[in-house]
Amino acid sequence: MDITLAHTFLAVCDVGNFLKAADRLNVTQSTVSARIKGLEELLDQPLFLRSKAGAHLTPSGARFKPFAERFVQTWEQARQEIALPSTFTAMLLVGVEFTLWEHLLPRWLPWMRFHLPDTAVRTEVGASAELMRQLADGLLHVVVTTTPRHRSGVVIEPLMEEELVLVSTRSEASGPGETDFIDVDWGPEFRASLAAAFADRSPAVISVSYGPLALQQIVRNGGSAYLPRRLVGARLDDGTLYAVDGAPTFIRPTFIAHLEGVADGDLDIALSGLRDIAAREDDA
């Protein structure tokens, strides 16, 4: 299949309209129509239902979409690896859950440059489920996540643990149930533990999925939140934040996931670097 057809199909999916897709791709609407018609003939299935309101995926189109996305991702990966400068011998593709990137990557990337100077590194920061799918599809070599999905052929091993502590800008705060408590989504296990520990709490007014955003919110406007100790340690030391007395702490494990049976010396070295950095973090 022509990569152009896949790009055109995904553009129509994104904007829901042939004309808008043409504008995005900088081609005419008739060109988009011809490409989609050619793709439908190739697959022998209608992919879109056209109407004055736009273009909507048929059941066949919806089933085809993830394959088109993987095709484009694989093409981009191949294009980048082939285009590697002659000074590099390989590329390592690493996915990191978005709540972890600023914790590990700034320490691990310099480690990689020192120990594997001939290996280029491409990092993908995103949601765990999508990163694990890309790993299973062979689009990533390793994923660092707090919520791995067990799949056949994927090896999952513990990397580190971090402590989530309840902190506040007020020394007398109690946390969950108060109107200025920020509910950070640290994953299903944390949500279950929080619900068990604070069964009578009222729903939080503000909920976020990114810990550093909660930290910015409470430092700027006041409030409390469960945050990693490594993220708030300096502020606890200088009195900017207070640890809430009597509040339970929770452990949030982090894992490495990689494909089983992949014999790659660079990958083994990269994984050893992640383990070394994680161990130093745990000892800190």
Side-chain angles (χ1 to χ4, degrees), residues 70 72-151 153-163 186-187 210-213 215 227-234 252-284:
R70 293 172 198 173
V72 170
Q73 289 173 337
T74 302
W75 171 262
E76 290 299 323
Q77 177 183 338
R79 188 173 62 84
Q80 290 189 23
E81 292 205 28
I82 291 173
L84 273 178
S86 59
T87 52
F88 295 105
T89 59
M91 174 179 283
L92 188 66
L93 305 172
V94 181
V96 182
E97 190 175 320
F98 68 91
T99 58
L100 296 170
W101 73 268
E102 63 182 12
H103 181 19
L104 291 173
L105 286 187
R107 297 168 176 81
W108 178 72
L109 289 175
W111 189 98
M112 284 290 294
R113 293 298 301 128
F114 180 79
H115 289 86
L116 290 174
D118 297 331
T119 299
V121 178
R122 179 186 173 191
T123 59
E124 180 82 15
V125 178
S128 178
E130 173 60 18
L131 295 176
M132 291 298 296
R133 184 188 68 77
Q134 292 187 43
L135 176 68
D137 291 341
L139 300 175
L140 293 172
H141 296 120
V142 60
V143 168
V144 182
T145 176
T146 59
T147 53
R149 291 189 176 184
H150 293 270
R151 295 172 179 249
V154 174
V155 177
I156 296 172
E157 61 176 271
L159 177 63
M160 62 182 295
E161 293 182 341
E162 64 179 359
E163 184 184 21
W186 293 116
Y210 186 50
L213 176 60
L215 177 60
L227 295 169
R229 185 175 293 277
R230 49 93 182 166
L231 188 63
V232 298
R252 184 175 183 242
T254 300
F255 302 88
I256 295 175
H258 58 90
L259 294 181
E260 185 177 23
V262 176
D264 189 315
D266 285 358
L267 178 60
D268 290 340
I269 294 172
L271 293 178
S272 70
L274 281 170
R275 298 185 192 102
D276 180 58
I277 290 168
R280 282 187 272 135
E281 288 289 321
D282 281 345
D283 292 340

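The figures here come from the full heavy-atom set of this structure, side chains too, leaving out hydrogens, waters and symmetry mates.
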Roughly how far, to the nearest 0.5 Å, is [atom2] of [Y] from [atom1] of [X]?
{"X": "T123", "Y": "L104", "atom1": "OG1", "atom2": "CG", "value": "12.0 Å"}
{"X": "E260", "Y": "H258", "atom1": "CD", "atom2": "NE2", "value": "9.0 Å"}
{"X": "R107", "Y": "L274", "atom1": "CZ", "atom2": "CG", "value": "12.5 Å"}
{"X": "R122", "Y": "L93", "atom1": "CZ", "atom2": "CG", "value": "6.5 Å"}
{"X": "L227", "Y": "L215", "atom1": "CG", "atom2": "CG", "value": "5.5 Å"}
{"X": "I277", "Y": "M160", "atom1": "CD1", "atom2": "CE", "value": "10.5 Å"}

Q.
Set out, in order, the CA-CA distance, both residues' side-chain angles and the distance that settles side-chain contact (heavy atoms from CB on, under 4.5 Å) for R275 and L159, then state yes or no.
A. CA-CA 6 Å; R275 298 185 192 102; L159 177 63; 4.3 Å; yes
Among residues at least two apart in sequence or on other chains, which ones pass side-chain contact (heavy atoms from CB on, under 4.5 Å) with [X]?
{"X": "V125", "result": "F98, W101, L105"}
{"X": "R229", "result": "E163, V165, L236"}
{"X": "P110", "result": "none"}

Taking the side chain as every heavy atom from C-beta outward, state whether [X] and [Y] have any atom pair closer than 4.5 Å.
{"X": "I156", "Y": "F255", "answer": "yes"}
{"X": "L140", "Y": "M132", "answer": "no"}
{"X": "V154", "Y": "L259", "answer": "yes"}
{"X": "T145", "Y": "T254", "answer": "no"}
{"X": "V142", "Y": "L135", "answer": "no"}

Which residues satisfy the side-chain hydrogen bond (donor to acceptor under 3.5 Å, both in side chains) test with [X], sequence neighbours excluded?
{"X": "Q134", "answer": "E130"}
{"X": "R149", "answer": "none"}
{"X": "T147", "answer": "S128"}

Q: Would you please test T119 and R113 for side-chain contact (heavy atoms from CB on, under 4.5 Å) and show each step?
A: CA-CA 8 Å; T119 299; R113 293 298 301 128; over 6 Å; no
Using a 3.5 Å distance criterion without hydrogens, assess whether the side chain of [X] forms a donor-acceptor pair with backbone atoms of [Y].
{"X": "H141", "Y": "L92", "value": "no"}
{"X": "W111", "Y": "P106", "value": "no"}
{"X": "E97", "Y": "T146", "value": "yes"}

Q.
With a 4.0 Å cut-off on N to O distance, would you call R230 and E162 a salt bridge?
A. yes
